[in-house]
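Data block below; observations after.
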Amino acid sequence: MACNIVNPLPARRQLELLAPAKDLESGIAAIEHGADAVYIGPPSYGARAAAGNSVEDIARLCVFAHSYGAKVYATVNTLLRNDELPLAGELMSSLADADVDAVLIQDMRLLGLVPERIAVHASTQADNRTAAKVRWLGEHGFRRAVLARELTIEEVAAIHREVPQMELEVFVHGALCVSYSGLCYASEHCFGRSANRGECAQFCRMKFDLLDADGRELQHQRYLLSLKDLNLSMELGRLIEAGAVSFKIEGRLKDISYVKNVTAAYSMLLDQYIDQHPDLYERASRGQCRYTFTPDLNRTFNRGYTTYFANGRAASTANSDSSLASFYTPKAIGMPVGVVDSMRHDSIIVLGNTAFSNGDGLCFFDKGKTLHGFRVNRAVQVSSSAQGHGEKCRLWQLFPQSIPEGLVRGVRLFRSNDQAMDSLLSRPSAERKIPISLTLNATPEGFTLRCGTIVIDFPLEHQQARTSQRENIVAQLSRMGDTPFVCTSVDMAQDFNWFIPSSKLSAMRRMLVDALLNQKQPKVTSVPVGDIPADSGVHHEEGLLMQCRYCLRHEMGYCVRHGGRKAEWQEPLMLRLGDGSTFRLEFDCRRCQMNVWACDD
């Protein structure tokens, strides 16, 4: 008995959906719901200190992912102290033994510690936003560059044209950092917690006052640096055409429901695009997913959505639909679900465009733009049809534990917690199977069973069948059980009329499945590198805390260069935290960049 692998035909360009894995369970769920790869934090040195996992769990995830041809990337993307390098080297060896496919790094000194059998990806923390930087990365051993979130699609395309040999990974969904990744020192300055060490304190999600040079307060206690969440679901086709090969979902701290829903939504969109261009593209892993729910990006955690700079710097007004930031809350408010029609002593009548469930979490902004939330104890549909805001709606009577202060007729409600969706996603919600077709042939020595590039040679004496055995052969060979495979057909010659005992058919099937599961895709390792500078940390000017493409002046509608009105205030502008700490804003219009500086005490 032997197993042979036939060399496949040249592949179409592979597209990879990359999902986050907080832990082993989330990683498995991501693969089951359509991810072609997952990224996961090891026990230490990951840019999310709260999302570390044992090497043993990472090894288990690799086994599961590889059965679908999916990949696992380990995030070792913090800046290290010199005394940590030996332990980091040991970690790299352990990750190689766990069979991870790549590691993401920021600290260039780690290049010399990565075993050659693992690919190296440059983390977005390395500030990858120019063709020159991406070319340098390729020359120094990197297989892939994770590009800065701030790039436009045209800028991605330009990098691909200039450095076509490098794989480009782009973020398509999730939370946004207001500063270029790797260039934020605000958390370390204010709280002694370094974002480049995986300990971000989320300075940008805090309330600030905005003051002009005369001390006049322009904004009072608003979340001026808190960006909405990225959503490029409608831009996937353009990103593919720009040359990106990997499409990354942010969220290594998100719960498993988020991972399931968002991964499924983007997986379906990628499949739709590939179906329209079948000769050009294919998925980077194998398997087809079936879901017990309808993926919906609006029914999962989000702070409101933005396409950020994908289409350039659009003219925007603060907190309009086209704005980048959410001045009034850094929290997820969810999708709009209705308007308060009337109030009763124990309940609320809502004109809604969706169904409500017991346990839903709803929220609203009061007249002062302060966010309030409440939970629905009981929801009762009052009317099946009513007219509201130009569309057919339903009247619902909602019974909260208590009527929230500030809730009045006409207030718009948002659903921050979707009980029906959470219930669906709390259970097994997807099945991923790899469809395979088998071909059985007789040979002088016995039989061969073929599946794609794999051929099983099975020596067996020929016995002519007295009655047709085709039905039994198909049934036995098609039993894939709890493997990742589903058999769609078993082909035999029209004159095939041999008797093969069921035990032998089962043995052939097991051999084939083992060969399929152990089929390895060739790994492209990093090219050897020369000496790496001893000091590879990111240098920055003393006191410069953030460098942002996001511009508060533009966000408020006062960028004359991009169609805004002329400001009447005197600069420099200052941000002030609740504790009185102040930060100076510098508007570098030549580079279309806003810098945040620490002020001297």
Side-chain angles (χ1 to χ4, degrees), residues 173-176 205 207 222-223 226-231 233 251 254-255 257-258 261-262 265 293-307 317-343 347-382 386 388-425:
H173 199 89
L176 289 166
R205 303 295 181 192
K207 283 183 178 181
R222 296 301 184 202
Y223 301 94
S226 183
L227 299 185
K228 295 178 180 178
D229 286 357
L230 183 67
N231 181 344
S233 57
K254 297 293 199 308
D255 61 31
S257 295
Y258 173 94
N261 185 35
V262 178
F293 67 103
T294 301
D296 186 345
L297 296 174
N298 292 314
R299 297 181 69 181
T300 200
F301 181 99
N302 71 85
R303 299 176 176 89
Y305 285 131
T306 174
T307 56
T317 303
N319 288 287
S320 69
D321 289 340
S322 61
S323 67
L324 305 185
S326 178
F327 283 4
Y328 300 114
T329 179
K331 299 178 180 179
I333 62 173
M335 64 186 294
V337 290
V339 175
V340 175
D341 184 72
S342 61
M343 307 286 298
S347 62
I348 308 159
I349 304 300
V350 175
L351 191 62
N353 54 16
T354 186
F356 292 88
S357 299
N358 300 344
D360 275 353
L362 303 181
C363 59
F364 65 95
F365 291 99
D366 64 18
K367 290 182 179 179
K369 296 294 185 180
T370 298
L371 185 69
H372 300 270
F374 64 95
R375 186 167 294 277
V376 177
N377 286 346
R378 186 162 61 96
V380 179
Q381 184 173 329
V382 177
H389 299 280
E391 61 182 359
K392 287 189 176 181
C393 298
R394 288 171 282 180
L395 281 174
W396 288 80
Q397 187 173 13
L398 307 181
F399 295 84
Q401 185 171 357
S402 61
I403 302 296
E405 185 177 350
L407 187 62
V408 295
R409 186 176 187 275
V411 164
R412 193 182 191 192
L413 295 178
F414 300 83
R415 180 156 47 205
S416 54
N417 183 269
D418 191 325
Q419 187 63 32
M421 191 67 155
D422 287 350
S423 179
L424 283 172
L425 295 175

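All of these numbers come straight from a predicted model, not from anything done at the bench. In this chain, numbering begins with 1 at the start of the sequence shown.
To the nearest 0.5 angstrom, L351 atom CG is 10.0 Å from S342 atom OG. For the atom pair OG1 (T354) and CG (D418), the distance works out to 7.5 Å, reported to the nearest 0.5 Å. To the nearest 0.5 Å, atom CG of residue L398 and atom CD of residue Q381 are 11.0 Å apart. Summarising the geometry, atom CG belonging to N377 is positioned 6.0 Å from atom CD belonging to Q401; distances are rounded to the nearest 0.5 Å.
A donor-acceptor pair under 3.5 Å is formed between the side chain of R409 and the backbone N or O of D341. Side-chain atoms of R205 come within 3.5 Å of backbone atoms of L227 as a donor-acceptor pair (strictly under, hydrogens ignored). Between the side chain of R375 and the backbone N or O of G359 there is at least one donor-acceptor pair closer than 3.5 Å. Under the 3.5 Å distance criterion, the side-chain polar atoms of S416 are left unmatched by any main-chain donor or acceptor of A332.
T329 approaches S226 most closely through the heavy-atom pair O-OG, 4.4 Å. Between M335 and R299, the shortest heavy-atom contact is SD-CG, 3.7 Å. Of all heavy-atom pairs between G406 and V411, the closest is O-CG2, 4.4 Å. Contact between L297 and A265 at its shortest, heavy atoms only, is CD2-CB, 3.7 Å. Closest approach of L425 and S257 over heavy atoms only: CD1-O, 3.5 Å. For S326 against R303, the heavy-atom pair with the smallest separation is CB-O, 4.3 Å.
In this structure T300 satisfies the side-chain contact (heavy atoms from CB on, under 4.5 Å) test together with Y258, N261, V262, Y305, sequence neighbours excluded. For D360, the salt bridge (Lys or Arg N to Asp or Glu O under 4.0 Å) partners two or more places apart in sequence, or in a different chain, are R415.
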Would you check, one step at a time, whether the test side chain to side chain contact (heavy atoms under 4.5 Å, CB included) holds for F414 with L371?
CA-CA 10 Å; F414 300 83; L371 185 69; 6.0 Å; no
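Within the 4.5 Å cutoff, side-chain heavy atoms of Y223 are placed close to those of K207. In this structure, T306 and L176 have side chains that are in contact, with non-hydrogen atoms separated by less than 4.5 Å. Within the 4.5 Å cutoff, the side chain of S233 has no heavy atoms near those of the H173 side chain. Side-chain contact between V339 and L413: absent, with no pair of heavy atoms (C-beta onward) separated by less than 4.5 Å. In this structure the side chain of I348 never reaches within 4.5 angstrom of the side chain of Q397, judged on heavy atoms. Between V380 and F399 there is a side-chain heavy-atom pair separated by less than 4.5 Å. Side-chain contact between V408 and V340 is absent, with no heavy atoms from C-beta onward closer than 4.5 Å.
Sorted by first and then second residue, the ring pair (Phe, Tyr, Trp, His ring centres under 6.0 Å) pairs with a member in residues 347-366 read F356-W396, F364-H372; sequence neighbours excluded.
Under the side chain to side chain contact (heavy atoms under 4.5 Å, CB included) test applied with L362, the options V350, I333, V337, N417 reduce to a single match, V337.
Figure legend: cation-pi geometry between R222 and F327 absent, as NZ or CZ is not positioned both under 6.0 Å from the six-membered ring centre and within 45° of its axis.
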